[in-house]
Protein chains: 2
Amino acid sequence: MAVTIRDVARATGVHVSTVSRTFSAPNLVSTPTRERVMAVAAELGYRPNRAARALTTGRTHNLGLIVSDIANPFFPPLIKAAQAYAREREYHVFVADTDEDPQAEEELIRTLAKQVDGVVLVAPRLTNQAIERLGLELPFVVVNRRVKGLSAVLMDIGHGTELAVEHLAGLGHRGIALLAGPRGSWSSEQMKSAATEAARRADLRLTVIGPNAPTERGGIAAAAAVRDSGVTAVIAYNDLVAIGLIEGLGELGTEVPGDLSVVGVDDTVAGRLNRPKLTTILMPTPAAGRTAVDLLLQAVDEDGRTAAQATLATDLVVRESTAAAPGTTGA
Amino acid sequence: MAVTIRDVARATGVHVSTVSRTFSAPNLVSTPTRERVMAVAAELGYRPNRAARALTTGRTHNLGLIVSDIANPFFPPLIKAAQAYAREREYHVFVADTDEDPQAEEELIRTLAKQVDGVVLVAPRLTNQAIERLGLELPFVVVNRRVKGLSAVLMDIGHGTELAVEHLAGLGHRGIALLAGPRGSWSSEQMKSAATEAARRADLRLTVIGPNAPTERGGIAAAAAVRDSGVTAVIAYNDLVAIGLIEGLGELGTEVPGDLSVVGVDDTVAGRLNRPKLTTILMPTPAAGRTAVDLLLQAVDEDGRTAAQATLATDLVVRESTAAAPGTTGA
DNA sequence: CAGTAACCTGCAAACGGTTGTAAACAATAC
DNA sequence: GTATTGTTTACAACCGTTTGCAGGTTACTG
């Protein structure tokens, strides 16, 4: 069917091993031979079969990228960047969606294991224990989570949260609420402790509301609690929650940012398109995707014996959903 | 390293071929033997190596899914559905983004070719000729495009466009504009001819503006032309363009839907979140993803000798960006 | 009870590459 | 002129599975 190394060998009049080396270790082949082989290969349209190669080398040159929900706008930029960078490094990537199901996640990883050199896990739903166990069989990089022995890419949401608190304090807000994310979310914990500390420093009252579902629906559901809490500003777990909150608040007659300021997290398209445009903490998702692949390939090269960590900076993007606290002249 | 068929054979005391058949053709193995093998395999944690299997069977059980831009909100639901459905059928999927670059697209397909049984091409940027050529080597399914000899999934945007035109006519609009998509876009052509026909029937004046970039920016850029065209309603190439248009119009002092009605296409999250919420033509992207995979696996089974076509229904979702024409009492 | 048909299982050759080892040859050193 | 070294190529085994073929059992059939 397809043209193999043998066809090239025959057509060139050399042994298959010579053809093989022409591609995998060119310096072991004399220049004239190499050129002849390459010419013939090009003419025949020969492409090495990666799967066959993987059989002997143990390197598939494939990666797995597992996310909980492709349709969540947080992920596509990360996927896009990871995939583009992997391609630069001559890797192909399997993308899979676990639909937030830990069971499916583990099974998926197991069936993928033989076909990839490593896996990037973004916001995994598995327990740390399960991940550590899997980590023994295959290199992993986790994003926004910490697992013993594995490389990790962390977005410094803590710093972003501080910036947001300071921004709100500067606008004259004295009491703010934090809409926490799902139970067990690493980033939600980071936000909580950073917000607590920053609020203390700025002498603000901080109320934590949640856990909340990380969706628009979760934001809508939290609207009443926010209004009743008496705060004048809110930091939501992510943009979707913030958008839902604004919608829910609107139905209760509370205007954003007139009556209440709202800060989102992620800086997704959704936040940019929302009216009012969301003030939000920018998460460097493309950089996270690239870095995760980078760390993973590093781990692959070292046979997963080292665990590196990268922390990526976040920033605050001020747009229209935050304003001076009611009854204040502003910053 | 990992446990192979040989380990299982040794531990069970049978030949490797028996173990192989236990998994790939269980009915050729006696019940007691089969059970023994399965027990041992389970205990050892044996998992067949798909890559090795692919070498002899010629079936990798992998699929490729190629899109122009993962970050465009039109794609994620399609990717999600395709991937989920493929998994049900025991296929893994490589997802790749071409960044709208035809060159990269072709190269990508070529390197992927040996590792997949077929490829789904969504809105490919390649010429028909190039695709047809590639189609000789590998089964393909194209989405929203027609290529001779290849299976296709088409979303009936024509019907959705008719619905939109009728909806606008019902609201009392007498002159409408169509913001066309990029040159050579199949769906833009469909929209154009459907809109022309529907406008004729409803006795409306139709102005085609474009081509336009399929992005928010494209919409913003078209705002002035739309205002100057004197129409009272617009059907935009997609939600992003519609959103950009609304923004651009706003800056020119034209209110939507008060002064002018806007209809988008795709029904992405972006449209749902936009203020005003977009009236839009719903594209069945999840169904398209599933159907594409279905058709592809069909083509794979038949060795790509047949080309099936599936047409998926679209619908009009009426929300807030359309209203009665100025100076009318409405429907 | 021989003949025959199922049914199971083992053998060995693929699939498309890689790679350690050895053979062939040329060049250099003495 | 031989010994040594280095370079280039060929040979063959191997990676983990599948599969056509053949041999061995068992169970029918008449």
Side-chain angles (χ1 to χ4, degrees), chain A residues 1-38 40-41 44-62 90 110-117 137-138, chain B residues 1-38 40-41 44-62 90 110-117 137-138:
Chain A
M1 193 86 243
V3 22
T4 78
I5 206 173
R6 254 163 266 271
D7 301 322
V8 178
R10 198 173 313 123
T12 322
V14 301
H15 195 261
V16 296
S17 58
T18 302
V19 178
S20 171
R21 279 190 257 263
T22 300
F23 291 96
S24 50
N27 60 311
L28 292 183
V29 176
S30 71
T31 311
T33 310
R34 189 190 328 134
E35 284 171 354
R36 221 146 38 86
V37 171
M38 304 256 270
V40 173
L44 263 44
Y46 167 74
R47 299 247 160 186
N49 180 325
R50 286 161 160 242
R53 177 180 288 179
L55 210 48
T56 47
T57 61
R59 288 275 174 273
T60 62
H61 264 245
N62 290 149
E90 310 214 274
R110 290 226 133 84
T111 63
L112 222 40
K114 296 281 194 348
Q115 294 188 87
V116 299
D117 296 340
E137 301 173 21
L138 200 65
Chain B
M1 191 87 244
V3 23
T4 78
I5 209 173
R6 250 167 270 272
D7 301 321
V8 177
R10 198 172 314 123
T12 322
V14 301
H15 195 262
V16 296
S17 58
T18 302
V19 178
S20 171
R21 279 189 265 260
T22 299
F23 290 95
S24 50
N27 59 311
L28 292 183
V29 177
S30 71
T31 312
T33 309
R34 189 190 328 134
E35 284 171 353
R36 220 146 40 85
V37 171
M38 302 257 269
V40 172
L44 263 44
Y46 168 73
R47 299 248 160 185
N49 181 323
R50 285 161 161 242
R53 179 180 286 179
L55 209 48
T56 47
T57 61
R59 287 275 172 272
T60 62
H61 264 247
N62 290 150
E90 311 213 276
R110 290 225 134 85
T111 64
L112 221 40
K114 296 284 197 343
Q115 294 187 85
V116 299
D117 296 339
E137 302 173 20
L138 199 66

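Quick caveat: nothing in here was measured; it's all calculated off a predicted structure. Quick note on labels: first sequence line is chain A, next is B, and so on, each numbered from 1.
- Under 4.0 angstrom from either OP1 or OP2 of D:dT9 there lies no side-chain N or O belonging to A:Ser17.
- Between the C1' atom of C:dT19 and the CG atom of A:Leu55 lies a distance of 14 Å, rounded to the nearest Å.
- The CZ atom of A:Arg10 sits 18 Å away from the C1' atom of D:dT9 (whole-angstrom rounding).
- One can place CG of A:Leu28 at 14 Å from C1' of D:dA10, the figure rounded to the nearest angstrom.
- Between A:Ser20 and C:dT18 there is a side-chain N or O to OP1 or OP2 distance below 4.0 Å.
- Between B:Ile5 atom CD1 and C:dA12 atom C1' the separation is 15 Å, expressed in whole Å.
- For the atom pair NZ of B:Lys114 and CD of B:Glu137, the computed distance is 8.5 Å after rounding to the nearest 0.5 Å.
- Between the OG1 atom of A:Thr33 and the CG atom of A:Leu28 there is a distance of 12.0 Å, given to the nearest 0.5 Å.
- Residues B:Val14 and B:Val37 have side chains in contact (heavy-atom distance under 4.5 Å, counting atoms from C-beta outward).
- Here the side chain of B:Thr60 pairs a donor or acceptor atom with the backbone of B:Asn62 at under 3.5 angstrom.
- Between A:His15 and D:dT9 there is no side-chain N or O to OP1 or OP2 distance below 4.0 Å.
- At least one side-chain nitrogen or oxygen of A:Arg53 sits closer than 4.0 Å to the OP1 or OP2 atom of C:dT18.
- No engagement by B:Arg34 is indicated, since no non-hydrogen atom pair under 4.0 Å with the nucleic acid exists.
- Side-chain proximity of A:Ala52 to the nucleotides D:dT18, C:dG16, D:dA10 is greatest for C:dG16.
- As judged by a 4.0 angstrom heavy-atom cut-off over every strand, A:Arg59 is placed among residues making no nucleic acid contact.
- Close to C:dT9, at under 4.0 Å from its OP1 or OP2, lies a side-chain N or O of B:Ser30.
- Between the base of C:dG17 and the side chain of A:Arg6 there is a donor-acceptor pair shorter than 3.5 Å.
- B:Asp7 has its CG atom 13 Å from the C1' atom of D:dC15, to the nearest Å.
- The base of C:dG10 sits within donor-acceptor range of the side chain of B:Arg21, with an N or O pair under 3.5 Å.
- Nucleotide D:dG16 holds its C1' atom 7 Å from the OH atom of B:Tyr46, rounded to whole Å.
- Rounded to an integer number of Å, the gap from A:Arg36 CZ to D:dT9 C1' is 11 Å.
- When every heavy atom of A:Val3 is checked against every heavy atom of A:Tyr46, the shortest pair comes out as O-CD1, 3.4 Å.
- Considering all non-hydrogen atoms of both residues, B:Pro26 and B:Arg34 come closest at O-NE, 3.3 Å.
- To the nearest angstrom, P of C:dC8 lies 9 Å from CG of B:Asn27.
- Nearest-nucleotide positions on DNA chain D place A:Val14 closer to the 5' end than the other of B:Thr18 and A:Val14.
- Taking every side-chain heavy atom of B:Thr4 into account, D:dG16 is the closest of C:dG17, D:dG16, C:dG10.
- Counting non-hydrogen atoms under 4.0 angstrom, A:Phe23 reaches nothing in the nucleic acid.
- Heavy atoms of A:Val19 sit nowhere under 4.0 angstrom from any nucleic acid atom.
- Picking from C:dC15, C:dG16, C:dT9 the nucleotide with the shortest atom distance to the side chain of B:Val29 gives C:dT9.
- When distances run from any side-chain atom of B:Asn49 to the nucleotides D:dT18, C:dT9, D:dG16, the shortest one goes to D:dG16.
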